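This report refers to the structure that appears directly beneath it.
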Amino acid sequence: MPHYTELNIGPVHPSIHGIFNFKLILNEEIIQDVKVTLGFLHRNAEKLSELNLYADNIIFFDRMNYIDAMNMELGYLMSVEKLTGIEPPERAQWIRMIMVELNRLAARLVGMGSLGLDLGMLTPFFHTFKEREKIQRIFTEASGGRQEVNYFSVGGVYQDLTEQMINDIKNFLPQFKKNLEDMYNMFIHSEIFWQRNRGIGIIEPEMALDYGVTGPALRASGIPYDVRKDAPYLFYDRVNFDIPISHEKDNFGRFMVKVEEMRQSIRIIEQCLDKITDGPFFNPQGKKSLMLRIKGNGEAFSRVESDAGEFAVYVNGNNTTKPNRVHARSPGLRNLSLLPVISKGLMIADFIAVVGGLDPVVGEVDR
Amino acid sequence: MYKIISDDKDKGGMRMITLDKTDLIEAMTDFKNKGYYLTCLNGVDMKDHLDVIYFIHNFDTNDYISVKVSTNDEHMPSLTKLFRVADWDEREQYDLMGIVFDGHDDLRRLFLPDEWVGHPLRKDYDLKKVQYVNMDSEGNEHVSFDEKEGS
Amino acid sequence: MNLLFKLHQWFSFLGNYASFGIAYLIETIVVLLFVTISFIILIYVFRKYMARIQLRIGPNRVGKFGLLQLMADALKLLGKESILPKGRDNMAYRIAPIITMMSIMVSFIIIPYGGLYYFGNLTTTNSDITLILMFGILSIMPIGEVLGGISTRSNYAILGALRGIAKDVSFEVPMLISVLAIVMVSSRSFVTGGSTYNSLSLAGIVTNEVIPYGIIEPLGLIVFFISMVARASYSPFDLSESDSELISGATTEYGGMRFGLFYIGLFGMVYLGSFLVSLLYLGGYNGPVSSQLGFIYLLVKTIILVLIAFLIWVSLPRMRIDRFVQFGWKYLLPLAVINLIYAGVFVLYIR
């Protein structure tokens, strides 16, 4: 008869991205069952949003996926703009697109570095974070915030991109391209990295759809679904980019898809910088003096492609300055719900690698 | 055959179908056979009744539909038999909104401790009453309204 | 002239046995002082080196260029409250870090350091079987880790200790087989240019090592070097620590200076392993110019090996335990056996 051990991974553990609790039921090193406990970072942002004005709620969305704050803001604001009818002008949309893609790069860099850290590889972590710091410097220049930027506002952005900032971004991209290849090689030229990632955490496409998995995890299972292509928002229909997919279905495929998407993001930013137009950067209806009096009525639903997958926001307004109901669809929660299924029969080391590959961000899972 | 009460082609940027509660399972089975998958669901407290909105998505035809169902008695049929994603989503809505999904095998709270009183997203939830969470040496969480327990 | 005998002559007014005793004591202290100082330099170099690779600056606050950072760390560890876990096995818990530390220190006394101009031969232990003694002590070292792991009854620590045992079992056999091949080669006079000094002592092996054995047996060098990486348990093979999975593995429940002893044991083993590889495979204290410089030759070879070890440490991810066990039994062991057969053929048939 096998002897079962209970091992707690989290809430405080070196390689849990945030604070979850996984209770592993182990037979020696083999995982028999995983019990997930959530809610350690639960702040009920949905309730907080009901208590505050439309324009004040943006920061709660920043704090959901705190490493991918721009996408969270965008998801909320697109819903609010649909609800109130305040359309952002063209230049604001280009600026939003540049910022969103830069933040996607930053978020992917965190995921890449911490995957290395989970595998016991300390060096790439510092390299990725150094690049991320450069992106955050651009954000600081634009918005005043490094991570929780609070940059977008209803009907535009908080502050225009100056010539200087656009030059900063233009200078950042070529050297980032080179450094990205360096970092990628740091992982991929290590035989042990291949051994540790291939064939673990296999997500079959049918299972992925059934569990609502989206984002890189779904694309690594061979389904080319990306909100940016399938339901283009902003000006994603005006730029060229490809959706990488992988048929590996495992952790390695997810890593490769993420890296390839970073290359595509660089392509998108370059095209945006070429196509950006002059003009106002916010809609006069959403200017600062009117911001506190924004009223919404009815229902609106919008979805964006965030770092972890499809992030969707439902906003319900009853013709007051505060929303009646806000709901955020968290992609990380769906990715995490699959974890007990795919980690049966893995070893502890593989389990850590799978969590690192799915890269759930606890702020967004718990909300 | 289920009956569609209303079909709004462009409601807040998407198609919205309104259904009766008794038709939900049948309609969802039909949608599932057509290749739709549930992506998320959320409850809305409309003060006199609760709305539950299901978002379903067909990945082949790129079709996104929201299905709205109203309930007066906080009970809804569970979709866990059809879609696995409904498992945690329904637990979340039960936790925060207090909708009881009949037929769910494991309807526990997802985020809050099991002993928590009330459902925070309901409009009649009293925010003035602070609840304190404490943990004993066994690792079990306890919730109480007593301030001393929270230390 | 041996340093030991020089010291013996100085204290000869005390009588034969007493003066030998004092001479041994003084030389042991000198060697341990040298080892400690080089530890400190080594850890400083490691931290700076690692920082450079990771685009950081490294320690630069305490003392000039951060040279005293390790002192500050050691003082901090000493000043910490000694926290003892509740369900521990008291004796085993307390003795485990001491075993690790002691075995490292004893190993450094056994190493033949070669000669240096005025001081003469610095070797302390002049026994006929220091090779066997050395590997005996090396196999005591993991006992400290295992005791530390299982005495605390923490699941993380127990898993770490189990991984440590699995790791040790799978690489020690190939390690010893590759050492056996060295003993065979070093006992033949045509390899060593006439001298067949006692080949079961480290000093004898190195004296016989006119051509470095790494050139004769490159396969053995690879196997032994990998074994030394695994013995020191750093990055690709840090399975008993596994810091991203098992918090800190076998040493999870240790704090303060008890943890510090394990930490010193880890660095000491990197250093000791480099000494052993350079002694057994790279010619030890034999060098091209003057035999008076033996100690310097040994030190330079060792430091180069230590730097290679650091490079491996910072650049590779951790192997999974089952992969490592497979690697040990399916690759290292056959390689070591092939090396042994090759050594036998070499010794018997090639003239």
Side-chain angles (χ1 to χ4, degrees), chain A residues 3-10 12-17 23-26 28-30 113-131 133 179 182-183 185-200 346-353 355-356, chain C residues 46-47 49-58 150 153-167 226 229-230 233-249 251-252 310-327 330-331:
Chain A
H3 175 71
Y4 293 113
T5 323
E6 263 189 20
L7 191 74
N8 272 305
I9 305 275
V12 183
H13 188 275
S15 63
I16 291 299
H17 307 200
K23 193 169 276 179
L24 308 183
I25 312 294
L26 297 172
E28 284 155 14
E29 287 240 358
I30 310 292
S114 53
L115 176 64
L117 209 56
D118 290 348
L119 300 176
M121 202 179 186
L122 195 57
T123 309
F125 179 77
F126 289 94
H127 288 249
T128 55
F129 267 61
K130 190 171 186 187
E131 291 304 312
E133 202 58 45
N179 287 345
D182 282 355
M183 286 183 269
N185 287 339
M186 225 182 275
F187 286 104
I188 219 74
H189 285 180
S190 169
E191 170 72 27
I192 301 173
F193 181 78
W194 286 63
Q195 280 185 7
R196 286 292 303 275
N197 279 297
R198 296 201 68 167
I200 60 164
L346 295 181
M347 303 184 83
I348 305 169
D350 289 341
F351 176 77
I352 299 291
V355 175
Chain C
F46 171 66
R47 292 174 71 166
Y49 186 75
M50 193 175 182
R52 287 294 140 152
I53 289 180
Q54 296 171 352
L55 312 174
R56 295 185 286 123
I57 295 169
I150 59 178
R153 300 199 187 144
S154 154
N155 279 346
Y156 294 115
I158 290 172
L159 278 169
L162 289 178
R163 285 185 182 188
I165 295 167
K167 181 194 73 179
I226 291 172
V229 174
S233 64
Y234 55 84
S235 195
F237 309 137
D238 55 348
L239 296 159
S240 56
E241 193 191 336
S242 302
D243 58 345
S244 66
E245 293 139 34
L246 304 177
I247 319 287
S248 186
T251 57
T252 304
F310 287 167
L311 189 63
I312 293 172
W313 190 338
V314 295
S315 55
L316 287 179
R318 183 182 312 111
M319 270 180 116
R320 215 169 63 194
I321 178 67
D322 61 331
R323 296 270 188 189
F324 179 75
V325 174
Q326 272 184 18
F327 175 68
K330 286 190 183 164
Y331 296 94

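Chain A is the first sequence line, chain B the second, and so forth, proteins listed ahead of strands; every chain is numbered from 1. The basis for the numbers below is simple: all heavy atoms, side chains too, and nothing from hydrogens, waters or symmetry mates. The structure presented is a predicted model; accordingly, all values stated were derived computationally and were not measured.
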Okay, A:Ile9 and chain C: the region with an atom under 4.5 Å from a heavy atom over there is both

CD1-CD distance between A:Ile352 and C:Glu245, expressed to the nearest 0.5 angstrom: 6.0 Å

Please give me the minimum heavy-atom distance between A:Gly120 and C:Ser244, naming the atom from each residue. N-OG, 4.3 Å

What parts of residues 313-323 of chain C touch chain A if we use heavy atoms and a cut-off under 4.5 Å? C:Val314, C:Ser315, C:Leu316, C:Pro317, C:Arg318, C:Met319, C:Arg320, C:Ile321, C:Asp322, C:Arg323

Select, from A:Leu117, A:Thr5, A:Asp350, the one with the greatest count of heavy-atom pairs under 4.5 Å involving chain C. A:Asp350

Which atoms of A:Leu122 are under 4.5 Å from chain C, going by heavy atoms: the side chain, the backbone, both sets, or neither? both

Rounding to 0.5 Å, atoms CG (C:Leu55) and CD (A:Glu131) come to a distance of 8.5 Å

Distance, nearest 0.5 Å, that separates OH of C:Tyr156 from CG of A:Asn8: 6.0 Å

Nearest-0.5 Å distance, CD1 of residue C:Ile247 to NE2 of residue A:His13: 4.0 Å

Bottom line for A:Ser190: the part with an atom under 4.5 Å from chain C's heavy atoms is side chain

Roughly how far apart are A:Lys130 NZ and C:Arg56 CZ, rounded to 0.5 Å? 12.0 Å

Between A:Leu24 and chain C, with a heavy-atom cut-off of 4.5 Å, which part of the residue counts as in contact: side chain, backbone, both or neither? neither

